[in-house]
Amino acid sequence: QIPSSIGNLKDLNYLFLYQNKLTGSIPNSIFGLKKLVSLDLSDNSLSGEIPELVAQLRNLEILHLFGNRFSGRIPNALTSLPNLQVLQLWSNRFSGQIPQSLGRYNNLTVVDLSTNNLSGRIPDGLCSSGRLFKLILFSNSLEGEIPRNLSTCTSLQRVRLQNNRLVGELSFTKLPLVYFLDVSNNNLSGNIGEQNWDMPSLEMLSLAGNRFSGKLLPHLLNAPKIEFLDFSGNEFSGTINPRFGTLTELMQLSLSENKLSGEIPEDLSSCKKLVRLDLSHNQLSGQIPSGLADMPVLGHLDLSENRLSGEIPAKLGQIESLVQVNISYNHLTGALPSTGAFLAIKESAVAGNDLCGGDTTSGLTPCKKLKNRANWWPFMACSFAGLLLLVITGFGFLFMRGRNNLEPKRVENGDGSIWELQFFDPKVSKSVTMDDITLSLKESNVISRCKEGVSFKGKSVSNDLQIVVKEMHHVSSLPVSFWSEITEFGKLQHPNIVKLIGKCRSDKGAYLVYEYVEGKLLSEILGNLSWERRWKIAIGTAKALRFLHSRCSPSVLV
């Protein structure tokens, strides 16, 4: 515990006890240090409530209590501290409402209350200082509309409000300094195309998982620096506007799970920096544009669950950077390209078409053995019609069951120990068990060793799915925030990053589960690589690092 005798240091200005293994509550004597300017107790295992005595710290400018186990309400006394600039309470167990007068009498520049159990409305005075540049409130249960006052907070630069229950229209459309805006997974609505945007600094925008509607008019964003756009999981309709091709800095574009129709515009090929393109689960028709092959760094292409027809452009197989393709459940015909990412494409990525070719992993019939299917096509059509009603009826059930499979669950291992197990991929959650994980922990399965832990190669007994299990060392020294942040990491997808597919922990230890990637260690082959190959590896690494730094919090990166 923190010794109460620290309260005898009456002239103390700075108290830094972060990243230790401290427990218990904060001694009341700490709040008697009236000359404190900065108090940092982050990344410990401290608990209890923060008392109203914090009002005595009139000179406090920085308060860091994140990554602990504090509970109860955020004290109203914080609102009376005139010099308070930085308030970071994220990754705790705070509940109740955010004090509604927070910011009115402070001098706030940074507010991060994310990953708690907070409810109620966002206070409308957070930007009263005119200096607030970072507002992070994601992963709570906040409700109501986004305060109109924040839409005129021109000092804002980074805003993250995702994973709440916010409603109403989006008001952040004319903020000149905002470069990162994430309001995904709320209940926001409105016609985005009817709003006037002026966001010249915007680099990342995610509106995913809301109820926005209307047509997508990218030129109205007035965001020439935009690199990441995620409009997935909404109710956008109409065609994909060709002016998306004018966003020349764009690296990721996701328009999946909307009601978009028409053809994919050739103009998208003007986005020369695009790494990830996801247009899946729409009503797109026509052919796959051959111009997509002109994207020099495209790594992930998902066109699944649409109405695309015709043959796959052979040029797509010539994109050297392309590592992941999904064209399943369209009306595509003909042969798979025999090069690039199509060489060893998975069966699930081409299913639901009338294709041939590929190697044994594709599950397709070799093109030379393909026969005229005119005779059995009517039979297939009738069979499909007969199954359609069954599919529609079961879809809702399967969707909810799939989501439940991704929730943390407690399981009992063979030795009777209880583990908390969570997967981030619905397919993996159905095949990998706790026994699969523990059975892989053999010396003969060791792939690598490092100071953080040992990695083992394993597989699912049910379907031979190969995985990598990393046994974590020094689990007790990990900050409390680690496990909530690693959950966010499990949701990330990037062609240059090995995918985290699960985690499990108990009093006996902890493991991270990754997808298995065939290959050798870079250190083993680097000496024999050409400079061109080394350059490509360096570029891929740089893309991964850039993605991580833009999408992850600092604690995950460390």
Measure the spacing between OG of Ser141 and CG of Asn164 and express it to the nearest 0.5 Å. 7.0 Å

Indicate yes or no for a side-chain donor-acceptor contact from Asn116 to the backbone of Leu89 under 3.5 Å, with no hydrogens or angles considered. yes

Could you pull out all residues at least two apart from His281 that satisfy ring pair (Phe, Tyr, Trp, His ring centres under 6.0 Å)? none

Please report the interatomic distance CG(Leu181) to CZ(Arg160), rounded to the nearest 0.5 Å. 11.0 Å

According to salt bridge (Lys or Arg N to Asp or Glu O under 4.0 Å), who are the partners of Lys273, at least two apart in sequence or on a separate chain? Glu249

Decide if atom OH of Tyr179 counts as having more than 12 heavy atoms of other residues, nucleotides or ligands within a radius under 6.0 Å. yes

Using a 4.5 Å cut-off on heavy atoms from C-beta on, say whether the side chain of Leu308 contacts that of Leu332. yes

Among side-chain atoms of Asn163 and Asn185, is any donor-acceptor pair under 3.5 angstrom? yes

List the residues meeting side chain to side chain donor-acceptor pair (under 3.5 Å) with Thr115, not counting sequence neighbours, and say none if there are none. none

Atom pair CG (Asn326) and CG (Leu303), whose distance is rounded to the nearest 0.5 Å: 8.5 Å

Tell me which one of Leu166, Ile136, Leu142 satisfies side chain to side chain contact (heavy atoms under 4.5 Å, CB included) with Leu161. Leu166

The criterion is salt bridge (Lys or Arg N to Asp or Glu O under 4.0 Å); which residues satisfy it with Glu420, sequence neighbours excluded? Arg505

At what distance, to the nearest 0.5 angstrom, does CE of Met251 lie from SG of Cys271? 12.0 Å

Ring pair (Phe, Tyr, Trp, His ring centres under 6.0 Å) partners for Phe70, two or more places apart: none

Side chain to side chain donor-acceptor pair (under 3.5 Å) partners for Gln97, two or more places apart: none

Taking side chain to side chain donor-acceptor pair (under 3.5 Å) as the definition, give me every residue that meets it alongside Ser119, ordered by chain and number, with sequence neighbours left out. none

Mind listing the closest non-hydrogen atom pair of His64 and Val86 along with its distance? NE2-CG1, 3.5 Å

Can you check side chain to side chain donor-acceptor pair (under 3.5 Å) on Asp278 and Ser280, steps first, answer last? CA-CA 6 Å; Asp278 189 350; Ser280 62; 2.7 Å; yes

Closer than 3.5 angstrom, by distance alone: can the side chain of Ser321 be matched with the main-chain N or O of Pro296 as a donor-acceptor pair? yes

With sequence neighbours left out, what residues match Phe236 under ring pair (Phe, Tyr, Trp, His ring centres under 6.0 Å)? Phe231

For Val167, is there any backbone N or O sitting under 3.5 Å from a side-chain donor or acceptor partner on Asn187? no

By side chain to side chain donor-acceptor pair (under 3.5 Å), Lys499 pairs with (sequence neighbours left out) Asp425

Could you tell me whether the side chain of Asn44 and the main chain of Asn68 form a donor-acceptor pair under 3.5 Å? no

Donor-acceptor pair, distance only, cut-off 3.5 Å: does the side chain of Asn445 make one with the backbone of Gly458? no

So, do Lys503 and Phe424 sit near enough that their side-chain heavy atoms are less than 4.5 Å apart? yes

Closest heavy-atom pair, Ile98 versus Leu113, reported as atoms and distance to 0.1 Å, is CD1-CD1, 3.8 Å

If I take atom OG from residue Ser213 and atom CG from residue Asn234, how far apart are they, to the nearest 0.5 angstrom? 8.5 Å

Between Leu41 and Leu22, is there a side-chain heavy-atom distance shorter than 4.5 Å? no

More than 12 foreign heavy atoms under 6.0 Å from NZ of Lys259: is that the case here? no

Point-to-point distance, once rounded to the nearest 0.5 Å, from CG of Leu512 to CD1 of Ile437: 10.0 Å

My understanding is that only residues two or more places apart in sequence, or in another chain, count here; which of them pass salt bridge (Lys or Arg N to Asp or Glu O under 4.0 Å) with Lys459? Asp464

Tyr18 meets the side-chain contact (heavy atoms from CB on, under 4.5 Å) criterion, sequence neighbours left out, with Phe16, Asp40, Ser42

Phe94 versus Asn140: any side-chain heavy-atom pair under 4.5 Å? no

Could you pull out all residues at least two apart from Glu203 that satisfy salt bridge (Lys or Arg N to Asp or Glu O under 4.0 Å)? none

